[in-house]
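Letters A, B, ... are given to chains in the order of the sequence lines, protein chains preceding strands, and every chain is numbered from 1.
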Amino acid sequence: MTLRVYNTLSGEKELFEPVIPGKVGIYLCGPTVYKPAHIGHAVGPVIFDAIKRYLTYKGYQVTWVVNVTDVEDKLIAAARDAGKSVPELARELEQQYVECMSALGVRSIDIMPRASEHIAEIIAHIERLIARGAAYVVAGDVYFDVSRDEDYGKLTHRNPEEQFAGTREGLVQAAKRNPGDFALWKAAKPDEPAEVQYDSPWGRGRPGWHIECSAMAMKYLGQTFDIHGGGMDLKFPHHENEIAQAETDTCKPFAKYWLHNGLTRFNTKKISKSDPEFEKVMQSLQLTNLLATHSPELLRFLILQSHYRSPIDFSDQALAASKTALDSLYRLLERIQRASGADPYEVSILAEQVKDDGTHPAVAELLGTAIRLQVRFLEAMDDDFNTAGAIGVLFDFAGHVNRFLDATRLETNAVEPLRTALQGATGTFMMLARLLGLLIERPQKRGGDDGDAQKLMDLFIEVRKMAREAKQFQLADVIRDRLAELGFVLEDGQDGTRWRRA
RNA sequence: GGCCGGAUACCCAAGCGGUCCAAGGGGACGGAUUGCAAAUCCGUUAUUCGCGGGUUCGAAUCCCGCUCCGGCCUCCA
């Protein structure tokens, strides 16, 4: 099976072939730490975490870099507003970001370089561009000369002349030679704090936006690396300018594949800071707030349920639908636990490793299905990381296992070969789910310790059982209904009554 | 205006030239099961994929035009 990825550069799906066989370098544009992250900021990291898991599964040695831009205009302004120093605010928001990502299961980032700690690399990069005649100094500022990059605009398929022909007079900074030129280095302004002023050959100042990414990507992944990712909104100017800087500097291709994820929308609009009426919505979409009220896995599941290039419409309805779906998977795992006598989170054998002694036809059927579905899952992932299709396969899988359990009545009547087959199918199922970063850990029990609850529920169930045996169904129903109101659901099964939290 | 995407059932969402009278999820409605529920299972909910042409033996999938929607062209993941 071969992996194909959609490359923004070519506008087509291409066969994935790493620059160095067996190794993959990924650079994802991370946060500019000037405000708390919202759900949209989680999309890229979640997708790329799944991509890294998948590539690792396929045998590649993956290095994943996510930058932190901590020297920047808005950050300086935000720190001033908050009465904090720039590094203080930046570290604070960075830590919050890392914690949110970790909660979402994104723990596979290898390097998170900070722009502020790569000033030397940035300056060297700029000096090389000046030496090549592709950048020029104006009163302490340094600009990239777009006209010196022949294929400028190739990522977003823009012709720079057309592009900037219509730029209004007022917007053209006098210092720039061409309207499309952009700052590589910005001279320090008198009112800016000292901590964002760095010495440079052109005087005190700080890097422009874009340059930190090409400098750090090349430092950690080499002059040419495999995958560069980010949100669709970064294609222009950010990524276009990174390409211009890097390729003009090295005369080599920068990133081989450019992957862009869709933007998160709310009420069919992109979440944007410049939209004041969405300020309130954004507040509720802040990751820290969302994670306080929803399970991280649910958010991850929702993100992965659509293809990464599609926009995600985030809403309470979507969240609720995803929750119902995800819960059915948790219930399946509980059912498997009961039927197989093994903890599905710990099962280590795969369907393909189970030997079928031929005594039960259901064994061959289940194992065959598991292997067939595994192939379908992997095919989906091979097709530009189609996580939505892959999740669809997971639900097909769940349906098959539920049917198997219905048919064999394994929960009440243990048959060893069937149990072993179930464990194998479960192992395969879990392995696939985990390629998406799902079902890694048991869902957190709400309300913490259920020890006391367990004792009380045992009592309720016992009393209700007596009522049912005495045909006092009204009483039995009152117990069940009132418990349901309190968030405890009772389920009567063949092997007794179980309870769970709603 | 230029450049990218998108338009698939009640909602969300895969599919990207035949195996599609179109996966999966949510919802709804029937049925099995249940004392009744819940959960699970079965069935129904797109002979059709924004509209109009074209290419092809064959198109949701390719090409052209049109209509809407979103993004970018200024800060944004």
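The stretch residues 94-105 of chain A has no heavy atom under 4.0 angstrom from RNA chain B at all. Near RNA chain B, defined here as any heavy-atom distance below 4.0 Å, the residues from residues 466-485 of chain A are A:Arg468, A:Phe473, A:Asp477, A:Arg480, listed numerically.
In this structure, the ring-ring contact (aromatic ring centres under 6.0 Å, His included) partners of A:Tyr257, at least two apart in sequence or on a different chain, are A:Phe16. Under the ring-ring contact (aromatic ring centres under 6.0 Å, His included) criterion, A:Trp64 pairs with no residue at all, not counting sequence neighbours. A:His41 pairs by the ring-ring contact (aromatic ring centres under 6.0 Å, His included) definition with A:His38, not counting sequence neighbours. With sequence neighbours excluded, no residue satisfies side-chain hydrogen bond (donor to acceptor under 3.5 Å, both in side chains) with A:Glu462. In this structure, the side chain to side chain contact (heavy atoms under 4.5 Å, CB included) partners of A:Leu486, at least two apart in sequence or on a different chain, are A:Phe488.
Annotation: A:Gln474, atom CD; neighbour count of heavy atoms from other residues, nucleotides and ligands within 6.0 Å does not exceed 12. Residue-environment remark: CZ (A:Arg409) stays at or below the threshold of 12 foreign heavy atoms within 6.0 Å.
No engagement by A:Ser315 is indicated, since no non-hydrogen atom pair under 4.0 Å with the nucleic acid exists. In this structure, A:Arg4 reaches neither bases nor backbone, as no heavy-atom distance under 4.0 Å exists between it and the strands shown.
Aromatic ring centres of A:His210 and A:His239: separated by at least 6.0 Å.
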Report each atom pair, protein N/O against N/O of nucleotides 27-29 of chain B, whose distance is under 3.5 angstrom.
none

Sort me out a list of protein N/O and nucleotides 40-45 of chain B N/O pairs below 3.5 Å, or just none if empty.
residue : atom : partner  : partner atom : Å
B:rU40  : O3'  : A:Asn402 : ND2          : 3.2
B:rU40  : O2'  : A:Arg335 : NH1          : 3.3
B:rU40  : O2'  : A:Asp406 : OD1          : 3.2
B:rU40  : O2'  : A:Asp406 : OD2          : 2.8
B:rC41  : OP1  : A:Asn402 : ND2          : 3.4
B:rC41  : O4'  : A:Asp406 : OD2          : 2.9
B:rC41  : O3'  : A:Arg403 : NH1          : 3.4
B:rC42  : OP1  : A:Arg403 : NE           : 3.4
B:rC42  : OP1  : A:Arg403 : NH1          : 2.2

Side-chain atoms of residues 388-403 of chain A: list all donor-acceptor pairs with protein atoms under 3.5 Å, sequence neighbours left out, distances to 0.1 Å.
residue  : atom : partner  : partner atom : Å
A:Asp396 : OD2  : A:Arg376 : NH1          : 3.0
A:Asp396 : OD2  : A:Arg376 : NH2          : 2.9
A:His400 : ND1  : A:Asp396 : O            : 3.0
A:Asn402 : OD1  : A:Arg335 : NH1          : 2.7
A:Asn402 : ND2  : A:Ala398 : O            : 3.4

Protein proximity profile, nucleotides 4-19 of chain B - base contact B, sugar-phosphate-only contact S, no contact -, cut-off 4.0 Å on heavy atoms: SS-------SSS----
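Here, B:rC51 and B:rC20 have their C1' atoms 22 Å apart, quoted to the whole Å.
The side chain of A:Arg376 lies closest to B:rA23, out of B:rA77, B:rC72, B:rA23. Residue A:Ala325 places its side chain closer to B:rG26 than to any other of B:rA39, B:rC72, B:rG26.
Residue whose closest nucleotide on RNA chain B sits further toward the 5' end, between A:Pro31 and A:Ile391: A:Ile391.
A:Ser315 and A:Asp313 form no side-chain donor-acceptor contact under 3.5 Å, judged by distance and modelled atom types alone.
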Pairing string, 5' to 3', for RNA chain B - Watson-Crick or wobble contacts under 3.5 Å, brackets [ ] where pairs cross, | to another strand: ((((((((.[[[..)..(.....]]]((((((.......))))))....[[[[[..)....]]]]])))))))....
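In this structure, A:Ser322 does not reach the B:rG26 phosphate: none of its side-chain N or O atoms is under 4.0 Å from OP1 or OP2.
The shortest distance between side-chain heavy atoms of A:Ile211 and A:Trp185 does not fall below 4.5 Å. Counting heavy atoms from C-beta outward, A:Phe225 and A:Lys256 have side chains that stay 4.5 Å or more apart.
A donor N or O paired with an acceptor N or O is not found under 3.5 Å between the base of B:rC75 and the side-chain atoms of A:Asp233.
The distance from atom NZ of A:Lys323 to atom P of B:rG26 is 12 Å, rounded to the nearest whole Å.
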